[in-house]
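The structure appears right after this line, and notes come after that.
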Amino acid sequence: MKEEIKITLPDGTTIKHPKGVTGNEVASVIGAGLAKAALSIKVNGNLYDLSRPILEDAEIEILTDKSDESKTIIWHSTSHIMAQAVQELFPGTKVTLGPPIADGFYYDFDTEKPFTTDDLLKIETRMAEIISGDHEFTRETIQKDDAIKMFKEKGEEYKLEILSEIEDETVSIYTQNDWTDLCRGPHIPTTSKIKSFKLLKIAGSYWRGDEKRQQLQRIYGTSYSNEKELEQHLNRLKEAKLRDHRKIGKELELFAFHDIAPGSPFWLPNGMILIRELEKYLREKLDEAGYVEASTPMLVKKSLWEKSGHWDYYRDNMFVVDDGEEVYALKPMNCPESTYIYAAKTRSYRDLPIRIAEIGRLHRNEVSGALGGLFRVRQFTMDDAHLFLLPSQITEEVNGCMKLISDFYSIFGFEPKYYFATKPDKALGDPELWDKAEVALKAALDTQNIDYKLNEKDGAFYGPKIDIQVKDALGRSWQLATIQLDFVLPERFELNYIDENDKKQRPVMIHRAIFGSFERFIGVLIEHFTGNFPTWLAPVQVVVIPISEKHIKYATKVYESLIKTGVRVNLDSRSEKMGAKIRDSETMKIPYMLVVGEKEAENSSVSVRKHLTGDQGQKPLEEFIKEIKEEITERRLNNLN
RNA sequence: GCCCACGUAGCUCAGUCGGCAGAGCGCGUCCUUGGUAAGGACGAGGUCACCGGUUCAAAUCCGGUCGUGGGCUCCA
């Protein structure tokens, strides 16, 4: 009699099966429907192919297309099919890696001729044939030596390099439709489980992401087990395009780029309003949180950068200015100079902590290919701050930073997520201080009951840090804020304070940013709000629309009383029809349109139309002013997104 | 920086096989005076990114430069 194993289902029931039973068989016993929908199986936490024998007692979970894990399996299987199609259509192409990624998959190829858009269509056609052939994905475990022999014969040098790094004696290979790839798996049972797919783009990449190594051709694609999900995915891409801050920035006249200053935005008057409002809000928050503000020079002698270490490690990213007598560099960071503010006078332990904010304009010479809209620029304005404190104050100060950050974000509707990064292998500074600091950071996170993810050994070489990410309205994550401890800079710049025993001691330094840079943050805000800013941020808050020339006089009165109360208001007195004026204001995403004519002039009222919402009816001008003032002062969200 | 694609009016874009530079929006002037998303007429506006080459002839073909976009971490 054959040996039996115990299979435990997610609901706790157990079923006995003969040893070597496959996921397919287990699923069939549970139900025919499940067997049909099954894509993979989780066995004791590991993903298995449905055809792979289970050899021991196991807790299992049959995965259908409802699970995220099975999506990655579908994507990965599709990348194999794509690789097969590519090698058939373009003989001599060598395969490298083809993993699933966030929303699909890619495969990197070494090919003599780069792929064209037409090639993508050909590849898609061939893939469709393979998929409809309903070929099985079969797994085989073979000796590594045999695998080496096999891929050597095929001339797949990249697979050989991968094999040389594998320590196990056996490796797995997967075959579909007579095409075989080295792969850890698992895969979907048959090619026909893929119901929809699309190849999205061609891109260059490097073998192992290393620019010194072979340049490869990457094809990105995505696939799903039904038509609908692909459609949804393509819609998301479309939606993201509509929200693109470069497009909206141009339409709303927020900023412009010009060849004359690559990577540096020209802020137009409308965009400047965003900067001014953010600055105002930021400074209010900083004042409340006990910060002082400083400003340090933009152009500094290179000896400063030598001392800070930037000259050795960051010079490629710095703009260097030689006036013929002296070599200067534009500051790429504020921190080294902030130490001069601290050291401008003798500090006592009683003075600490000192929190120095700097809204500083920085220049970084990013390589041309890295630039992108407002997200990656060469000149930007950082909302920076440096805190100088006693080691015993770390927890409290980090707490303060986190509170400031979550407070700041809440009015934009952002939920912060925290990542705690600890000491990396290559770290500078006193190990004892490192330990203390990590304990203190953890204490800060714990006292606030903050849910965080630990990124071990991911800290900066000069200290541990907490990174904060937010998700925007489209669910995309952005890293904006960071809180970093620094033990190295106080050392390099020989900072000190006088302790209670009249002895010199080193302070600990914290670098922190709330939203990183104005440029990037505004880019994120534009996409988050689709340009439909809350009223307090909107470049133009109200437009007054007289119905005809006869009403310009009253419209001017309305306009002036709004100006007087500090509302940003335009008067649209063009000889256009009201409909056209409304259309133009809607296009410019202006929060409020005040239509005024005969009726309104008679009783000092305005007819309010709200952006994207429509006619709100008539109300007294005074009432409207009171309401909009309140909305602006409280910095209310408009919930239009 | 590297690979691919792209660069035509302020904006969005068309321009076939190499043969006189186009549209809509916007802008200007005039007409129109209106009740919640485009009223009408006329007009101005171009070194086809830049430099060079091929050709009788280049926006168009070739080479280079600059700029823009996508990608270059997601580990068989």
Side-chain angles (χ1 to χ4, degrees), chain A residues 72 76 79-80 83 95-108 111 113-117 119-120 144 147 151 156 158-166 168 171-174 181-185 200-220 241 244 246-247 250-251 253 256-263 316 365-373 545-552 573-588 593-600 607-618:
Chain A
T72 65
H76 190 189
S79 86
H80 275 226
V95 289
T96 68
L97 290 175
I101 52 172
D103 276 312
F105 60 87
Y106 68 77
Y107 211 116
D108 279 346
T111 174
K113 227 177 99 238
F115 300 117
T116 65
T117 320
D119 293 339
L120 283 195
K144 199 171 96 175
F151 286 104
E156 296 287 7
Y158 298 93
K159 293 292 173 186
L160 290 173
E161 186 175 326
I162 293 161
L163 278 164
S164 72
E165 288 162 11
I166 294 176
D168 302 346
V171 296
S172 58
I173 54 172
Y174 279 81
D181 199 359
L182 176 71
C183 183
R184 190 161 47 194
L200 296 167
K201 52 195 172 192
I202 312 162
S205 68
Y206 297 98
W207 174 231
R208 297 269 143 121
D210 183 347
E211 62 188 72
K212 289 183 192 68
R213 303 196 65 179
Q214 181 65 41
Q215 172 105 39
L216 305 172
Q217 292 296 317
R218 174 173 296 183
I219 301 177
Y220 284 90
K241 225 175 187 165
D244 191 316
R246 289 167 299 206
K247 176 174 135 54
K250 215 181 262 177
E251 287 164 357
E253 298 174 17
F257 283 94
H258 196 281
D259 294 2
I260 210 73
D316 286 349
N365 196 0
E366 304 284 355
V367 295
S368 59
L371 301 175
I545 300 177
I547 289 176
S548 85
E549 231 160 52
K550 281 177 273 182
H551 313 113
I552 288 183
S573 54
R574 294 175 302 163
S575 70
E576 288 290 344
K577 278 191 160 171
M578 184 195 51
K581 295 181 190 182
I582 284 176
R583 193 192 134 83
D584 289 346
S585 299
E586 286 283 356
T587 312
M588 290 303 280
M593 285 148 271
L594 300 183
V595 176
V596 297
E598 217 70 57
K599 289 181 271 178
E600 289 78 7
S607 283
V608 181
R609 182 192 165 98
K610 209 169 168 184
H611 173 51
L612 291 181
T613 313
D615 195 352
Q616 307 287 295
Q618 225 183 109

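The model shown is predicted, which means the values in this text are computed figures rather than measured ones. In what follows, every chain begins at residue 1, and chains take the letters A, B, ... in the order their sequences are listed.
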Checking N1-N3 plus N6-O4 or O6-N4 for Watson-Crick, or N1-O2 and O6-N3 for wobble, each under 3.5 Å, the partner of B:U73 is none

For A:Ser575 and B:U33, is the shortest distance between a side-chain N/O and OP1 or OP2 below 4.0 Å? no

Complementary nucleotide of B:C61, counting Watson-Crick and G-U pairs under 3.5 Å: B:G53

Listed nucleotide nearest any side-chain atom of A:Leu97, set B:U68, B:G70, B:A76: B:A76

Please state how far atom CZ in A:Arg574 lies from atom P in B:A38, giving the value in whole angstrom units. 13 Å

Does A:Arg184 put a side-chain nitrogen or oxygen below 4.0 Å from OP1 or OP2 of B:A76? yes

Among B:G71, B:A76, B:U68, the one nearest any side-chain atom of A:Val171 is B:A76

What interatomic distance, in whole Å, is found between P of B:A9 and the corresponding atom of B:G35? 39 Å

Between A:Tyr158 and B:C75, is there a side-chain N or O to OP1/OP2 distance below 4.0 Å? no

Indicate, with a heavy-atom threshold strictly under 4.0 Å, whether A:Gln214 touches base, sugar-phosphate, or nothing. nothing

Which nucleotide, in any strand shown, forms a Watson-Crick or G-U wobble pair with B:G18, with both distances under 3.5 Å? none

Once you apply a heavy-atom cut-off of 4.0 Å, does A:Gly597 come out as touching a base, just sugar-phosphate, or nothing? base

B:U68 pairs with which nucleotide, Watson-Crick or G-U wobble, both distances below 3.5 Å? B:A5

Please work out if A:Gly373 contacts a base, only the sugar-phosphate, or nothing of the nucleic acid, heavy-atom cut-off 4.0 Å. sugar-phosphate

At 4.0 Å (heavy atoms only), tell me whether A:Ile166 reaches a base, stays on the sugar-phosphate, or touches nothing. base

Quick check for you: among B:G71, B:A76, B:G35, whose closest atom lies nearest to any side-chain atom of A:Val595? B:G35

Which is true for A:Ala102 with a 4.0 Å heavy-atom rule: it touches a base, it touches only sugar-phosphate, or it touches nothing? nothing

Does A:Glu251 reach a base, just sugar-phosphate, or nothing at all? Heavy atoms under 4.0 Å. nothing

Under 4.0 Å between a side-chain N or O of A:Lys577 and OP1 or OP2 of B:G39? no

Given B:A76, is OP1 or OP2 found less than 4.0 Å from the side-chain N or O atoms of A:Arg208? no

With a 4.0 Å cutoff (strictly under), does any side-chain N or O of A:Lys247 reach OP1 or OP2 of B:C11? no

Does A:Asp210 come within less than 4.0 Å of A:Arg208, counting only side-chain N to carboxylate O? no

Could you please name the option among B:C72, B:U12, B:G70 that lies closest to any side-chain atom of A:Lys250? B:U12

For B:G35, does the base pair up with any side-chain atom of A:Ser607 as donor and acceptor (N or O, under 3.5 Å, distance only)? yes

Winner on side-chain proximity to A:Pro262, out of B:U68, B:A37, B:G35, is B:U68

Complementary nucleotide of B:G35, counting Watson-Crick and G-U pairs under 3.5 Å: none

Quick note, A:Lys159 side chain, CB onward, closest among B:U36, B:A76, B:A37 is B:A76

Starting at atom CZ of A:Arg246, determine the distance to atom C1' of B:U12, rounded to an integer number of angstrom. 16 Å

Of A:Leu216 and A:Ile582, the one whose closest RNA chain B nucleotide lies more 5': A:Leu216

State, with a plain yes or no, whether a side-chain heavy atom of A:Lys144 is found less than 4.5 Å away from one of A:Asp168. no

Considering only atom C1', compute the distance from B:G10 to B:A44 and round it to an integer number of Å. 13 Å

Touch class at under 4.0 angstrom, heavy-atom based, for A:Asp259 against every strand present: sugar-phosphate

Closest approach to the side chain of A:Lys599, judged atom by atom: which nucleotide of B:G35, B:U36, B:G70 is it? B:G35

From B:G35, B:G39, B:G1, nucleotide with atom closest to A:Glu576 side chain: B:G39

What's the closest nucleotide to the A:Arg218 side chain, out of B:G1, B:C72, B:A37? B:C72

B:G71 OP1/OP2 closer than 4.0 Å to side-chain N/O of A:Tyr106: no

Checking all strands, does A:Gly579 fall into the base, sugar-phosphate, or nothing category for heavy-atom contacts under 4.0 angstrom? sugar-phosphate

Under 4.0 Å, heavy atoms only, any strand: does A:Ser548 hit a base, just the sugar-phosphate, or nothing? base

Can you list the steps and then say if A:Arg213 with A:Tyr206 is a side-chain contact (heavy atoms from CB on, under 4.5 Å)? CA-CA 6 Å; A:Arg213 303 196 65 179; A:Tyr206 297 98; 5.5 Å; no

Residue pair A:Phe115/A:Asp244 against RNA chain B: nearer the 5' end by closest nucleotide is A:Phe115

Between the side-chain atoms of A:Tyr206 and the base atoms of B:C2, is any donor-acceptor pair under 3.5 Å? yes

Complement of B:C42, any strand, by Watson-Crick or G-U distances under 3.5 angstrom: B:G28

Could you check whether A:Gly263 gets within reach of a base, just the sugar-phosphate, or nothing at all, counting any heavy atom under 4.0 Å? sugar-phosphate

